[in-house]
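Notes follow the structure.
In each ligand, atom 1 is the first atom listed, and ligand 1 is the first ligand listed.
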Amino acid sequence: MADAVGSADSRWWRDAAIYEVYVRSFADSDGNGVGDIAGITTRLPQLAALGIDAVWLTPFYPSPMADGGYDVADYCDIDPTLGSLADFDALLASAHKLGVRVIVDLVPNHTSDQHAWFKAAVAAGRGSAERARYIFRDGPTGAGDAGGPGDRGNEPPTDWVANFGGSAWTRVADGQWYLHMFAPEQPDLDWSNPEVGEEFHAILRFWLDRGVDGFRVDVAHGMAKNLTEPLPPLGANSVDRQLRYEVLDHPLWDRDDVHDIFRGWRKVLDEYSPPRMAVAEAWVMPGRRARYVRPDELHQAFNFDFLQAPWDAEAMAAIIDTSLGEATSVGASPTWVLSNHDVIRHPSRYALAPQTDTVSWLLSNGTDPVADRALGLRRARAAALLMLALPGSAYLYQGEELGLAEVADIEPRYLQDPTWERSEHRDKGRDGCRVPLPWESEGPSLGFGPSTAWIPQPAEWAAIAWSAQEDDPSSTLALYRDALRRRRELKGDASLTWLHRSTGHFAFSRSSGLVCVVNFGAEAIGLPPLQVVLTSGELTESGDLPPDTAAWLLTK
Ligand code: TEU
């Protein structure tokens, strides 16, 4: 059978539904409790039937797993616990036969401390070419320092704080410090060193030559840094990804020089036929995202404004407008995302008051405050119809098609997110959205694999497993399947026209004939006299749209 993905639709990513597979938690083929490449291949036909266009695979490279694989020890291989390159090639071939494209996760801001480069840097010592690939500095020489090489600079070079807590500097045996904006096992690369750029061009080509359709670029907004001495004190601002350098001349985030890197990558992506795509993970200030998707840079950037929006008609409508405006200002396509492997799953976010401190909510095992789960799921289903009705690409996170909520009561002994240890047990971190998927209602890990999973699944997931929802037309899985099927008819249509906007609800139409109405308010609202084709919940007896519900209607 020929590949179902051909060159015909070379700009497929402009209005795709892209499904994030968190590899460790998707499907375990060999029974070691961790999801793997072969497991994904087995489940691909189900994803294809769901109606997605592409999968994004989180990192599967050899890794000590200090940060779930975002600590890469070798960029051109597969971690043995997850499979082999042959397994990867088989996955890619199956996906392409099914018409599903494959995007892989590239982690260019930092390597693992077990990467050959970092081991060589530690061994080679001060001032070496090996250290110059990373960011090694001496601490300031203080009055109490004895002056010998090991004694100099007992304090880190700056007060910078890492994303997972603690100092962003770790000391090596000879007394020098290296920078890591994430865990100590994730030393940051120095992107001003041309050797780093050359290496990543080769890594891009390695995966492109294997046939991947694109890349998700991790921490795209952090790769270029201003390391001019003296390095400034930043306090807690070092982790604040929302502060752009124009506000604070921030040395770490969203600097202009990063765009030169992406211009170079774009040339590599364009060497292939059809040209391949890349999507940036860039947590930047509103208005700054478009810079990453200019015509000679990357193709898309995740819309975290949409993900962070409260459940509120005016706020959502405003973000939709600015997102559309921003993308079109540079000729890019907009993107939408509600959840990913770093954030509280949206059925839980929408079940909590907007100002809830989710770190303490997780610490209370989800008991304080108690989330209104039925409300959260209702809103999540409405949000899905909203997202899938918008022009551009929708990035789905595994499990949202099942309506999975955050697992807030994971026992601490199972937690693996480095945030838990680095915060000295003050922040449970992100494992609550990474619990392995329930595929079946029975079995030691609900069909995830033949043994128990690396985090046990809540018992109540048996009732909402994939197999339990598959034949139920009122299930969340069926809602996603129906919406994704109808969404295909919107391909190529970049239009959006507001029909109505008020404090409680809004409606918009697409020129291909779809009308989407979303009710965020407390009262049911009347629907226009059009054919209703899909709703996220039951209409009232009089045919009105209840609170926290969305409907799709057809004008033609
Ligand atoms: O996340 C980048 C990032 O900025 C994170 O700090 C994110 O904002 C945070 O997790 C939200 O709670 C990427 C990956 O998506 C994440 O899983 C990795 O841990 C991180 O990079 C380091 O590679």
(request) Drop me the distance from Leu390's CG to Asp15's CG, to the nearest 0.5 angstrom. (result) 12.5 Å
(request) Determine the sole option in Arg288, Arg291, Arg289 for which the salt bridge (Lys or Arg N to Asp or Glu O under 4.0 Å) test with Asp254 is passed. (result) Arg288
(request) Using the test side chain to side chain contact (heavy atoms under 4.5 Å, CB included), find all partners of Ser451 that sit at least two apart in sequence or belong to another chain. (result) Asp28
(message) Looking at Arg216 and Asp218, is any side-chain nitrogen of the basic one under 4.0 Å from a carboxylate oxygen of the acidic one?
(response) yes
(request) Scan residues 343-354 for pairs that pass salt bridge (Lys or Arg N to Asp or Glu O under 4.0 Å), counting only residues two or more places apart or in two chains. (result) none
(request) Would you please write out the protein residues whose heavy atoms approach any atom of ligand 1 to under 4.0 angstrom, listed by chain and number? (result) Asp67, Tyr70, His110, Asn163, Phe164, Phe182, Gln186, Arg216, Asp218, Val219, Arg241, Glu281, Trp283, His341, Asp342, Arg430, Arg434
(message) List the residues meeting salt bridge (charged side-chain N to carboxylate O under 4.0 Å, His left out) with Glu198, not counting sequence neighbours, and say none if there are none.
(response) none
